[in-house]
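Everything below concerns the one structure shown next.
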Amino acid sequence: MHRRTLLAAALAGAVVTPGLASGTARAADPGPSVTRTGTTTLDSQAIFFVSYDGLVNNNAFQKNGLLTYKGYQYAVWYTADRGAVVGRRSLGSSTWSTVKVGHTLRYDDSHNVISMGVSKVDGRLHLNMDSHSDGFTYVKSVAGLMDNPGGLSWTSSRFGAPQSTLDGLAPTSQFTYPQFVSTPDGKLQLSYRVAVSGNGRNALAEYDGSKWTGLGEWSAATGTYTSEHGSSTARNMYLHGIDYDRNGRLHSFFTWREQNGAVMCDGGGITNHDTGYVYSDDRGRTWRNDAGTVVGVTGGSDKVSVTDAGLVVDPLDPDHSLMNQESQFTDSAGRPHAIISYVPGRFGQCTTDYVADRTRNGRAFHLRRNASGSWQKTEIPVPLNSSQRTKLILDTYDNAYAIFPFGRIAGASAASGYTDWKILFDGSGLGAFGEVVIDETRVAQDGVLSFMYQEKSSGTTPSALHVIDFRLPA
């Protein structure tokens, strides 16, 4: 606990320290701005049901539900008849071409999202879908489809049959949270959770253009965590993301979720605690803490554990309804940034209703490593008004943008040290339900912030699914 106290004090000082040390911007660089350029409709009648306070077509932890590659944008969703669909358009076009890929959503469970990835080594599009601590469905395109989108027709014949394995590799019978990430050398990795909430492990598989290989698990569920209320001996690490920077380093922020509710002040809260950070310089084979010490080996006996030193970069006990799987991004210098959200202590030291307390008093924070290597945290002065997640992107000038539930956008400049957060778009007219799905890949390609949102509905009445685009500073 002494280590946590010292770190908390250091972060508290960093929170109120502005300045250029936080970023690399010059005074002449433009600050954050968004200019709405258009909205397109993917589906006027997409499937709608509320599960775990979210929608299966718009869960912010999808990676990727929307992506851009070689001048085309791709989107995935489930139709009103539960069919899995992938659509594409050329950038700037208002027309989407769609194909069904031969899978039908099994359950009304918002975890069972569709995620996409591109294997640059052979130009294939990969889809993983419909899983929550059980099996999954996997579909991949023919080779070269992503490299020649203008020359190859967009038809179902371009996709293989749905599979229950990764081309024969069966990584686990309890699979959740697929996240694809393209490696700097053109391969494709798949991050996923093994087992269940509160008692699960993170793992990686890798596709090299010819086959999938299981790299193994890299986080542990074991070890004892003790709060002022009680102890827990099982947990899982929830990732805010897994991303390569331009220098080839793999970054991941995370929170821990404990299995035993005895660690909380009240059973109505949530057992998430602490924001941690690890990175890998060898394509996810070994993991290091912020100080550079190896704390885990993928597929080895030494895995990243709650008892490892140096993991926590923002300490928080389980009594503040900290959100899991929020958001992360890296800036032009490869420095990691994250959005985290919880109920600050000024609203009380014990949340008793996770959804109600986050909706009423939740706040998002921008956490980042600055140029001197220190961690800084800034509260974003925008009430969540939701229990759900906020997403983060950075533009070419390293200005930061937080995309809140309902499609609201706030921004802060690198030149200010990210202290000048303000609302840039209030979401008016969208009628968005809650979380939005960001195209994390598009910003660097053409300077456009693009996100997918679904209109509010009731019960299980289908509603429209859209993509909206905003031009960022050029």
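Proximity of Q325 to T255: side-chain heavy atoms (C-beta onward) are nowhere separated by under 4.5 Å. With contacts defined as side-chain heavy-atom distances shorter than 4.5 Å, the pair S191/L239 qualifies. The closest side-chain heavy-atom distance from V34 to R471 is not below 4.5 Å. Two residues are said to be in side-chain contact when any heavy atoms from C-beta on lie closer than 4.5 Å; K391 and I339 fail this criterion. Within the 4.5 Å cutoff, the side chain of R201 has no heavy atoms near those of the R193 side chain. Side-chain contact between W256 and P318 is absent, with no heavy-atom pair separated by less than 4.5 Å. No side-chain heavy atom of I403 sits less than 4.5 Å from a side-chain heavy atom of Y453. When side chains are defined from C-beta on, R363 does not count as touching I380, because their heavy atoms never get closer than 4.5 Å.
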Practice problem: Dump the intermediate steps for side chain to side chain donor-acceptor pair (under 3.5 Å) on D109 and H132, then the final yes or no. | Solution: CA-CA 8 Å; D109 186 333; H132 187 192; 2.7 Å; yes

Exercise. Tell me, with the steps shown, if Q328 and D243 meet side chain to side chain donor-acceptor pair (under 3.5 Å).
Key: CA-CA 8 Å; Q328 65 176 48; D243 299 279; 2.8 Å; yes

Exercise. I would like to know whether L42 and W77 meet side chain to side chain contact (heavy atoms under 4.5 Å, CB included); could you show each step before the answer?
Key: CA-CA 9 Å; L42 291 167; W77 70 95; 3.7 Å; yes

Exercise. Any chance you could lay out the side chain to side chain contact (heavy atoms under 4.5 Å, CB included) test for F451 and I409, step after step, and finish with the verdict?
Key: CA-CA 11 Å; F451 65 79; I409 305 171; 4.1 Å; yes

Quiz prompt | Derivation and outcome, salt bridge (Lys or Arg N to Asp or Glu O under 4.0 Å), residues R249 and D281 | solution = CA-CA 5 Å; R249 174 169 288 183; D281 284 333; 2.8 Å; yes

Practice problem: Would you check, one step at a time, whether the test side chain to side chain donor-acceptor pair (under 3.5 Å) holds for R89 with Q73? | Solution: CA-CA 5 Å; R89 64 167 174 169; Q73 188 173 46; 2.7 Å; yes

Practice problem: Please step through side chain to side chain donor-acceptor pair (under 3.5 Å) for the pair S332 and D398, ending with a clear verdict. | Solution: CA-CA 7 Å; S332 61; D398 286 337; 2.6 Å; yes

Self-check item: Full working for salt bridge (Lys or Arg N to Asp or Glu O under 4.0 Å) between D147 and K120
Solution: CA-CA 8 Å; D147 294 329; K120 298 178 181 179; over 6 Å; no

Practice problem: Please lay out, stage by stage, how H337 and L392 fare under the test side chain to side chain contact (heavy atoms under 4.5 Å, CB included). | Solution: CA-CA 8 Å; H337 297 237; L392 173 69; 3.7 Å; yes

Self-check item: V85 and V101: CA distance, side-chain angles, deciding distance, side chain to side chain contact (heavy atoms under 4.5 Å, CB included) verdict
Solution: CA-CA 6 Å; V85 167; V101 294; over 6 Å; no

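Under a 3.5 Å cut-off, the side chain of K303 and the backbone N or O of G300 do form a donor-acceptor pair. Remark: side-chain polar atoms of Q189 are paired, donor with acceptor, to backbone N or O of R283 under 3.5 angstrom. Judged purely by atom type and a 3.5 angstrom limit, S252 uses its side chain to pair as donor or acceptor with the backbone of G241. Of the possible polar contacts, none joining the D29 side chain to the Y397 backbone as a donor-acceptor pair under 3.5 Å is found. Within the 3.5 Å criterion, the main-chain N or O of T286 finds a donor-acceptor partner in the side chain of S280. Looking only at distances, no side-chain donor or acceptor of T224 sits under 3.5 Å from a matching main-chain atom of T233. Between the side chain of S341 and the backbone N or O of A364, no donor-acceptor pair lies under 3.5 Å. No donor-acceptor pair under 3.5 Å is formed between the side chain of D122 and the backbone N or O of G144. Looking at S51, its side chain does come within 3.5 Å of a backbone N or O of S110 through a donor-acceptor pair. A donor-acceptor contact shorter than 3.5 Å is absent between the side chain of S119 and the backbone of V121.
Taking CG of N112 as the start and CG of N57 as the end, the distance is 11.5 Å to the nearest 0.5 Å. One finds the CG atom of D446 at 8.5 Å from the CG atom of D439 (value rounded to the nearest 0.5 Å). Put simply, CG on N324 and OG on S197 are 7.5 Å apart, with the number rounded to the nearest 0.5 Å. Note that the OH atom of Y138 and the OG atom of S164 stand 12.5 Å from one another [nearest 0.5 Å]. From E217, atom CD reaches atom OG1 of T172 across 7.5 Å, with rounding to the nearest 0.5 Å. For the atom pair N64 CG and S115 OG, the distance stands at 7.5 Å (nearest 0.5 Å).
Taking all atoms of both residues into account, the shortest heavy-atom contact from G269 to S321 is CA-OG, 4.4 Å. Taking every heavy atom of both residues into account, G248 and P184 meet most closely at CA-CG, 3.8 Å. Taking both residues in full, the closest heavy atoms of N399 and S413 are given as OD1-CA, 3.2 Å, listed atom of the first, atom of the second, then distance. Nearest heavy-atom pair across Q62 and V56 is OE1-O, 4.0 Å. Shortest non-hydrogen contact noted between I114 and A84 is CD1-CB, 3.9 Å.
A salt bridge between D331 and R368 is absent, with no side-chain N of the basic residue lying under 4.0 Å from a carboxylate O of the acidic one. Using a 4.0 Å cut-off between a side-chain N of Lys or Arg and a carboxylate O of Asp or Glu, K211 and D167 do not qualify as a salt bridge. Ion pairing of R335 with D245 is absent here, as no side-chain N (NZ or NE/NH1/NH2) approaches a carboxylate O to less than 4.0 Å.
Side-chain contact of E258 with T271: a donor-acceptor pair under 3.5 Å is absent, judged by distance alone. Between D395 and Y401, the side chains place a donor N or O and an acceptor N or O closer than 3.5 Å (distance only, hydrogens not considered). With 3.5 Å as the limit, one finds no donor-acceptor pair spanning the side chains of R257 and N236. Between T298 and W287, the side chains place a donor N or O and an acceptor N or O closer than 3.5 Å (distance only, hydrogens not considered). Counting only N and O atoms by type, the side chains of S227 and D317 include no donor and acceptor under 3.5 Å apart. In this structure, a donor-acceptor pair under 3.5 Å is absent between the side chains of N58 and E435.
Taking the six-membered ring for Trp and the full ring otherwise, F329 and H366 have centroids separated by 6.0 Å or more. Ring to ring, H251 and Y279 are not that close: their centroids are 6.0 angstrom or more apart. F254 has its ring centre no less than 6.0 Å from the ring centre of H240. Note: F253 and W375 meet the aromatic proximity criterion, with ring centroids under 6.0 Å apart. Taking the ring centroids of F159 and W154, they lie under the 6.0 Å cut-off.
Every pair passing ring-ring contact (aromatic ring centres under 6.0 Å, His included) that includes a residue from residues 160-204 is listed here, sequence neighbours excluded: F61-Y177, H111-Y177, F136-F175, F175-Y192, Y177-Y238.
Using bins of under 30°, 30° to 60° and over 60° for the plane-to-plane angle, the ring pair Y207/W212 lands in the tilted bin.
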